[in-house]
Number of protein chains: 2
Amino acid sequence: MKEPSKTAVTAWTRLVGAHAAAMDIVETGLKKAGFPPLAWYDVLLELDRAGEDGLRPYEIERRLLLPQYGLSRLLDRIEAKGYLARRPCEADGRGQVVAITRSGRDLRRRMWPVYAAGIEAAISRKLTEADMATLGALLAKLSPAETQES
Amino acid sequence: MKEPSKTAVTAWTRLVGAHAAAMDIVETGLKKAGFPPLAWYDVLLELDRAGEDGLRPYEIERRLLLPQYGLSRLLDRIEAKGYLARRPCEADGRGQVVAITRSGRDLRRRMWPVYAAGIEAAISRKLTEADMATLGALLAKLSPAETQES
DNA sequence: TATTTATGAATGCAGTTGCATTAAACGGAG
DNA sequence: CTCCGTTTAATGCAACTGCATTCATAAATA
């Protein structure tokens with residue numbers, strides 16, 4: 001159980017701080033514009049990419065690293081607003097297939113400029129392109145796999 | 001409303017991913033060891049540093065960037081377990097003073113090795129010292145101020 | 001001093017999350 | 001084919017969060 005170096009603790013601390021600050025900028029932007037939280041965007045993006053065929057909940061679950069029960073209820077809420085539709089899965093009686101609706105696609109499209117502005121404000125305005133590239137490369141080493149997109 | 005560069009989006013995405021991964025390692029470690037969440041540690045650390053005199057809730061609030069109502073209830077919970085004590089503030093009738101108790105100090109001390117192991121696993125084992133230094137410097141540019149410690 | 005405005009902290013309520021469990025259907029071993 | 005272990009998804013319940021409001025006191029202004 002070795003003590004982490006001071007450098008490590010600083011990096012950890014700042015990772016937490018930077019994430020909180022950036023997240024706050026992005027989420028606040030969405031909220032102020034009257035949009036749902038980022039998680040909705042993530043789900044809608046996956047579904048939009050999947051197209052007509054939709055996705056099984058467990059696929060979304062893995063891509064976005066959401067807990068099973070969390071996704072189940074997130075889908076409930078998004079579905080309740082009509083942005084996605086669930087239908088039973090032909091090939092697997094236990095499961096279902098989730099697909100984005102027209103208004104879901106539309107919502108995602110309208111959210112993006114606001115989301116993008118948040119990224120600009122939280123990241124681009126504070127770092128040079130070179131810094132962002134370096135940062136991205138270093139952060140990549142901290143997470144096991146590529147799971148998210150935008 | 002300029003589009004963020006691909007580099008910026010990647011950096012953002014990985015920031016979210018790296019934070020989630022690291023946080024999960026640390027929080028899971030604490031939980032498995034039977035300890036309360038990280039937030040308790042943060043509060044106890046501030047109080048431990050403040051010593052006998054304690055701190056006013058609004059001071060903790062600002063240092064840890066917690067919402068007022070969030071801290072109020074967090075203090076409730078920690079107090080209920082006997083790790084801190086609230087007493088009325090002499091100088092300001094509206095306020096109170098929060099101080100750590102002996103068992104609170106003890107809890108914080110026992111949590112640290114587990115927390116430290118989490119930082120090791122989430123950060124130190126995945127980056128060189130030089131990388132951690134670079135990362136820390138870049139992340140510092142993303143958050144307005146220094147607010148957290150360990 | 002009386003009145004207004006600002007600050008420190010708690011809380012009711014609705015919405016969300018986490019945990020553990022359940023239900024249904026799949027798939028393989030005997 | 002039947003039984004058993006596994007996978008997919010939902011849900012009851014308790015804990016936690018966010019928002020808006022409230023209460024009490026302090027500070028500022030007239």
Side-chain angles (χ1 to χ4, degrees), chain A residues 20 23-32 34-43 46-47 50 54-81 84-99, chain B residues 19-20 23-43 46-47 50 53-81 83-99:
Chain A
M23 207 58 167
D24 184 62
I25 291 174
V26 171
E27 289 281 19
T28 300
L30 288 172
K31 175 165 296 188
K32 278 192 184 160
F35 288 122
L38 201 48
W40 289 42
Y41 184 92
D42 292 335
V43 169
E46 291 299 331
L47 291 178
L55 288 173
R56 301 288 301 276
Y58 74 87
E59 296 182 283
I60 306 176
E61 197 180 310
R62 283 164 200 175
R63 296 186 199 198
L64 301 182
L65 297 180
L66 296 172
Q68 182 271 319
Y69 56 82
L71 179 64
S72 175
R73 284 171 177 148
L74 179 54
L75 294 177
D76 286 348
R77 280 172 255 143
I78 303 180
E79 181 181 36
K81 296 292 185 181
L84 61 79
R86 291 198 247 211
R87 59 173 191 265
C89 177
E90 313 258 309
D92 187 338
R94 294 166 300 184
Q96 45 182 275
V97 177
V98 184
Chain B
H19 174 264
M23 207 58 166
D24 184 63
I25 291 174
V26 171
E27 290 281 19
T28 299
L30 289 172
K31 174 165 296 189
K32 277 192 186 161
F35 288 123
L38 200 48
W40 288 43
Y41 184 91
D42 292 334
V43 169
E46 290 300 329
L47 292 177
D53 296 341
L55 289 173
R56 301 288 302 274
Y58 74 87
E59 297 181 284
I60 307 176
E61 196 180 310
R62 283 164 200 174
R63 296 188 199 194
L64 301 182
L65 298 180
L66 297 172
Q68 181 271 319
Y69 55 82
L71 179 63
S72 175
R73 291 202 254 235
L74 179 55
L75 293 178
D76 286 347
R77 280 172 255 142
I78 303 179
E79 182 182 35
K81 295 290 184 184
Y83 299 126
L84 63 78
R86 292 197 246 211
R87 58 174 190 265
C89 177
E90 312 259 308
D92 186 336
R94 294 165 301 183
Q96 47 182 261
V97 177
V98 184

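Any value given below was found using the heavy atoms of this structure, including those in side chains, with hydrogens, waters and symmetry copies removed. First the proteins, then the strands, lettered A, B, ... as listed; each starts at 1.
- Between the CG atom of B/Leu74 and the C1' atom of D/dA15 there is a distance of 13 Å, rounded to whole Å.
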Could you check A/Arg77 against A/Trp40 for side-chain contact (heavy atoms from CB on, under 4.5 Å), going step by step and ending with a plain yes or no? CA-CA 9 Å; A/Arg77 280 172 255 143; A/Trp40 289 42; 3.9 Å; yes
Nucleotides 6-13 of chain D: protein proximity per nucleotide (B base, S sugar-phosphate only, - neither; heavy atom, under 4.0 Å): -BSBBBBB
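- With rounding to the nearest 0.5 Å, the separation of CG in B/Asp24 from CD in B/Glu27 is 8.5 Å.
- Here the CG-CE distance, from B/Leu38 to B/Met23, works out to 5.0 Å after rounding to the nearest 0.5 Å.
- Each of A/Arg77 and A/Glu90 was matched to the nucleotide of DNA chain C holding its nearest heavy atom; the match closer to the 5' end belongs to A/Arg77.
- Atoms CD and CG, on A/Glu46 and A/Leu84 in that order, are 13.0 Å from each other to the nearest 0.5 Å.
- With respect to B/Arg63 and B/Asp42, no salt bridge is recorded, no charged nitrogen being found less than 4.0 Å from a carboxylate O.
- The two residues B/Gly95 and B/Arg56 come nearest to each other via the heavy atoms CA-NH2, 3.2 Å.
- One finds the CD atom of A/Glu61 at 10.5 Å from the OH atom of A/Tyr69 (value rounded to the nearest 0.5 Å).
- If you walk DNA chain C from 5' to 3' and mark each nucleotide with an atom closer than 4.0 Å to a heavy atom of chain B, the marks span C/dT7 to C/dC19.
- In this structure, the side chains of A/Val97 and A/Arg86 stay at 4.5 Å or more apart for every pair of heavy atoms.
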Start with the C-alpha gap between A/Glu59 and A/Val98, add the side-chain angles, then the distance that decides, and say whether side-chain contact (heavy atoms from CB on, under 4.5 Å) holds. CA-CA 10 Å; A/Glu59 296 182 283; A/Val98 184; over 6 Å; no
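- Across residues 25-38 of chain B, not one residue has a non-hydrogen atom less than 4.0 Å from an atom of DNA chain D.
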Apply side-chain contact (heavy atoms from CB on, under 4.5 Å) to residues A/Leu47 and A/Ile60 and explain how you reach the verdict. CA-CA 8 Å; A/Leu47 291 178; A/Ile60 306 176; 3.9 Å; yes
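- Within 4.0 Å of A/Gly93, counting heavy atoms only, lie sugar-phosphate atoms of the nucleic acid but no base atom.
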